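Written out below as structure tokens is the structure these notes cover.
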Amino acid sequence: MSVLADLFSLAAVGAGVFFFIAGTAGLLRFPDSLTRLHALSKADNLGLGLVVLGLIPRAENPLAALKLVVVWALVLLSGASTAQLIGRVLRRGRE
Amino acid sequence: MSVLPLLDIGLALLVVAVAAWTIAARNLFASVLGYVAYGLLLALVWVRLHAPDIALTEAAVGGGVTGVLLVTAGKRLDALKATRSGAGPGLRERIVAGALSALVAGALAFVVASLPTPAPSLAPQAAAAAAGPGAGLGNPITAVLISYRAFDTMLEKIVLLLAVLGIWSVGADDAWGSAPAPLRRARPDGAMVLLARILAPIGALIGVHIFWVGADAPGGAFQGGALLAAMWMVAMMARLLEAPRIGSRALRLALISGPAVFLTVGLAGNILAGSFFAFPPGFAKPLILFIEAFMVLSVAVALPMMVAGPPDGESKP
Amino acid sequence: MNPSLLAGLVGAALVGLGLYGLIAHPHPLRKLLAFNLVGSGVFLVFGVVARRGAAAGYAFDPVPQAMVITGIVVAFAASALAVALILRLAVAGGDVSLDPQASGRRDDGEAE
Amino acid sequence: MIAQPATTPGGFLLVLAVLLPAAGTLFSFALGSRAAEKIALGLTPVGFFLACLVAMKVAAAGAPIAYAIGGLPPPLGIALRADGVSAVMMVTASIIVAAAAFYARAKFATPDGVEESRGALTFWIMIQAIWAALNLIFVGGDLFNLYVALELLTFAAVPLVCIDGRPETLAAALRYLLFALFGSVSYLLGVALLYGLYGTLDISLLAQRVGAAPMVWTAAALMTAGLLAKTALFPLHLWLPPAHANAPAAASAVLSGLVVKGSFFLALRLWFYVLPALPTAAPGAVLGALGALAVIFGSVLALRQARLKLLVAYSTVAQIGYLFFVFPLAAGAHVWSPLGWSGGVMQILAHAFAKAAMFLAAGLVAEALGHDRIAGFRGAARALPLTFLTLGLGGLSLMGLPPTGGFEAKWLMLRAAAASGQWIWSLPILGGGLLAGGYVYRILAPALADGEAAIQARPERSREAIALGLAVIALALAFAPQGFFDFLEIGRPFASGSAP
Amino acid sequence: MNEILLAAAGLIVVTVAVGLARILRGPDDADRLMAVQLLGTGGIAALLLTASATRVPGVDDVALGLALLAAFATMAFLNHLDAGEGDAEP
């Protein structure tokens, strides 16, 4: 059981790291701000989400697991709204 | 353990690089952005130093609220179109300044590296005393702040109060009593209002949680209060709430409640437990939570008022 | 290299960087930022002292850690008071320079 | 200091001396400026009484009195201790704060029909906070607790400088704040190193543990540099003249008479109480030399000022310089150390009273004439005899002419310099007196000349009397009996019980 | 297992550090803001991984606070950018 859990953690965390790397690459390589924004918002939300998912089996108690989820939800929330706001700022700047 | 030292070194380099960026950046906005990033990274360093309480404080105050203070100030300076300032020092002065700073940093690094081993510590005394005046507190830092060094903490809350009054006192005479200028003049759009509507209540809940667990786990009055303060500012930025008038009696009472209750309980200790700031045996933990509740209130009110600035005659509440 | 020594070196570097910014930047808000860097460097030195004092089942000496929390609060209050003075000075005089000789010169693009 | 019980009889008085004005601050903030004025004025006699009680307790015990807060003795808890010099400073602070408060009623009363006024609330709260901070500085026994006290002092003093809101006062306040912040950070870094070395910040425990290690020197240098910036010792004096000259007169009296003495007092505590184990010849010489430069530069600049308040402020820069001769003249366990110590403390007191009197008088002159340009003083002494008498008496003390406290201070220092063979310090002591004579003459000569001064508003007699009263105290210090100097020796490290 | 989690944390720190180059390059303030947001998220991920590997108590609350404050700071900067557009030009 614990081996299975460990494997799950490894897979999820590994995938999370991959998304972080992908997001950063996008931030650096994409040609303009709007596409960079797209890369960022997909990547860091998924990256952190997968890391959290991987760490949940290792949480000491249900409350700690809940906190992990809340952390992710907060980042997701602020990421979603800020992406929209940054998008608007960028669009206005372009007009 | 072979990866951990590498992680530490990477983190250390990153912190120093971001700090250098805040000094080197061309514009103020970029510099302040760098400072917020720096605050986040520093919080990680504090965790690595086994200081989660400080990590929370640093992230909340050092990074978050100070960053907002500076960016708000920059915006207001822009609005005044008054960002004149002297040209920077010439190259020669810069070189001298750099050499001096490098010398100071080098000397300090040498001194820190030669701190004595074994290091002296009050941890044993704090552990021994944990059965006494700080009884029932699982978080030794809360015990130090509210019991052993309560005098410092109480006075520091008065410092906060004086800073609030000092900030108000630079306002115009005819504005006295009115509310500070809003954190945002223009009406915000839907996305920001929505974010604030969701973030503020959840954040407030987390702030209360951090205060509540502070007796036994990392957290406490200051950290909880600072998070609540941040959430109040979120609501103010979205114009969901307006800053109160500085003449308001309720505001004044909220601001003094922390130090006043602290002082009163301290004096009561003189009667009940034989010494100023002594807690009667068995009542230490409830009394400490009682004091902390009012300190949370004071901090949560004081920080946003300090960011909001002096009263502003133009903004009618 | 142990983590607390590393943090101490970071603290020393931060004090140096902040000191440089304090001297080299004419803009008072930038000076304030630099002052905050110096402050956090000093706090890190406290943190190193606290970490080294781990004993009696604690991973740290709680006394210097508590002092840092007090210090961070005071440093923030100082920044806020300075910001209020700078803004008011800009309203009243239109010149936020601290250098008596510099008044009247245009800014070099440092300010946003 | 010798080991002593954590709490002695009467120790709670020390807590009260700090808490009373601190509580006054809180109540004033809640109740508004009209009540704040009543609270501040009402507290002054109580605070004076408390300070006298502390002095009596110390005198009766013949040893410092102490209090361990929370019943927890150091190192974990914080101790308060009052020795002879603390008690004398507390009494001095209470007198000057009271004088400034009663003097300031005319300016900072809350006008009728207004709920609260900005200047009044700020002044009455900040003056109480300054008082609380000073009392804590005088009795604090823990270096971090003293850091908090220093910050309390700074946050209370800076807003007083810019209370009238003119751009130049705001610039002065901002510069003062930046110097003060630099001072705090430097002091704090030194505190961190001392804790890292010895695991305590209690002054008497540190005194037992400190040895002459390189790190101790670093910590001492950092803390001293920070305190010097706050005390405005040359060359860190740039902030002082604009700040002290631009504040309202009552605030200037407190800032110049007391606030800079707060950080100086900590420098005394540091070198004489925390670090008596360090050899003091070299640092003493450096501090004394900076003091000598301050005496000369401050006096010369004072001679060149066109405005009375700026002149008086530059005179503070010079008089601060004298204080630092105490480091070469009172260090160690020599026969002449008590002479230097008494001289240094006497200089603190004489300057505090004389300078507070002069700032209050300068405020009256400015109100009466509508300006404070010295060139326009012709005939003013005849129109305002009491006020110019105050300026003259204060000036006598600054010059060090007998019979004044200033004379007593300089005489004691000269005797210490002679007894210790450090003749070099007598040059700035005497030369500074001559220069002070020059700038006092510059004030009085035009005022005593014939002419018709245009008086716009005649100052109240009571306010003139307050300023004169302080000047008289500065004079009366010359007649301090032997018992007074014995009292100053109580609690001083190396004190042998015999005073000059 | 712990070593691997720490390595993951290290990789994320390195990644976001590279991403920080975007702060330096800009060109817009919005780009800089994105980079700081990525740093915040990456920092939180690294914090959670390190905490899970080294078992320092109380770190979950620190992560909660960091997430909250990152959102707060981003909002403040957007407040500035958003309101600054249009009326900043003379």
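To find a chain, count down the sequence lines: A is the first, B the second, and so on, and within it residues start at 1. All values below were derived from every heavy atom in this structure, side-chain atoms included, with hydrogens, water molecules and symmetry-related copies excluded. Remember, it's a predicted structure, so these values are computed and weren't measured experimentally.
If you measure heavy-atom distances from B/Ala238 to chain E, the contacts under 4.5 Å come from both the backbone and the side chain. Neither the backbone nor the side chain of E/Ile4 comes within contact range of chain B; no heavy atom of the residue lies under 4.5 Å from a heavy atom of that chain. The parts of B/Val32 that come within reach of chain E are both its backbone and its side chain, each placing non-hydrogen atoms under 4.5 angstrom from that chain. For E/Val14, no part lies under 4.5 angstrom from a heavy atom of chain B. For B/Ala230, the parts sitting under 4.5 Å from any heavy atom of chain E are the backbone and the side chain alike. At a 4.5 Å heavy-atom cutoff, the contact between B/Leu41 and chain E is made by side-chain atoms alone. Using a 4.5 Å cut-off between heavy atoms, B/Val36 touches chain E through its side chain atoms alone. Within the 4.5 angstrom heavy-atom criterion, only side-chain atoms of B/Val18, from C-beta onward, approach chain E.
Ranked by heavy-atom pairs under 4.5 Å with chain E, the first of B/Leu183, B/Val65, B/Leu199, B/Leu7 is B/Leu7. Comparing B/Ala60, B/Ala43, B/Gly10 by heavy-atom pairs within less than 4.5 Å of chain E, the highest count is held by B/Ala60. Note: B/Val71 leads B/Ile202, B/Thr72, B/Val71 in heavy-atom pairs under 4.5 Å with chain E. Contact count versus chain E (heavy atoms, under 4.5 Å) is highest, among B/Ala226, B/Ala59, B/Ala200, for B/Ala59. Chosen from B/Val47, B/Val213, B/Asn139, B/Leu11, the residue pairing most often with chain E at heavy-atom distances under 4.5 Å is B/Val47.
When side chains are defined from C-beta on, B/Trp212 counts as touching B/Leu289, because their heavy atoms get closer than 4.5 Å. Using a 4.5 Å cut-off on side-chain heavy atoms (C-beta onward), E/Phe77 and E/Gln37 make no contact. Using a 4.5 Å cut-off on side-chain heavy atoms (C-beta onward), B/Leu160 and B/Met306 make contact. The side-chain heavy atoms of B/Arg48 and E/Thr50, taken from C-beta on, include a pair separated by under 4.5 Å. Two residues are said to be in side-chain contact when any heavy atoms from C-beta on lie closer than 4.5 Å; B/Pro52 and E/Val62 meet this criterion.
Side-chain rings of B/Phe222 and B/Phe211 stay apart, their centers remaining 6.0 Å or farther from each other.
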Go through the steps to decide whether B/Gln223 and B/Thr57 satisfy the test side chain to side chain donor-acceptor pair (under 3.5 Å), and finish with yes or no.
CA-CA 5 Å; B/Gln223 293 88 340; B/Thr57 314; 3.1 Å; yes
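The distance from atom CG of B/Leu205 to atom CE of B/Met231, rounded to the nearest 0.5 Å, is 11.5 Å.
Residue B/Leu56 comes nearest to E/Asp61 through the heavy atom pair CD2-O, 4.1 Å, listed as atom of the first residue, atom of the second, then distance.
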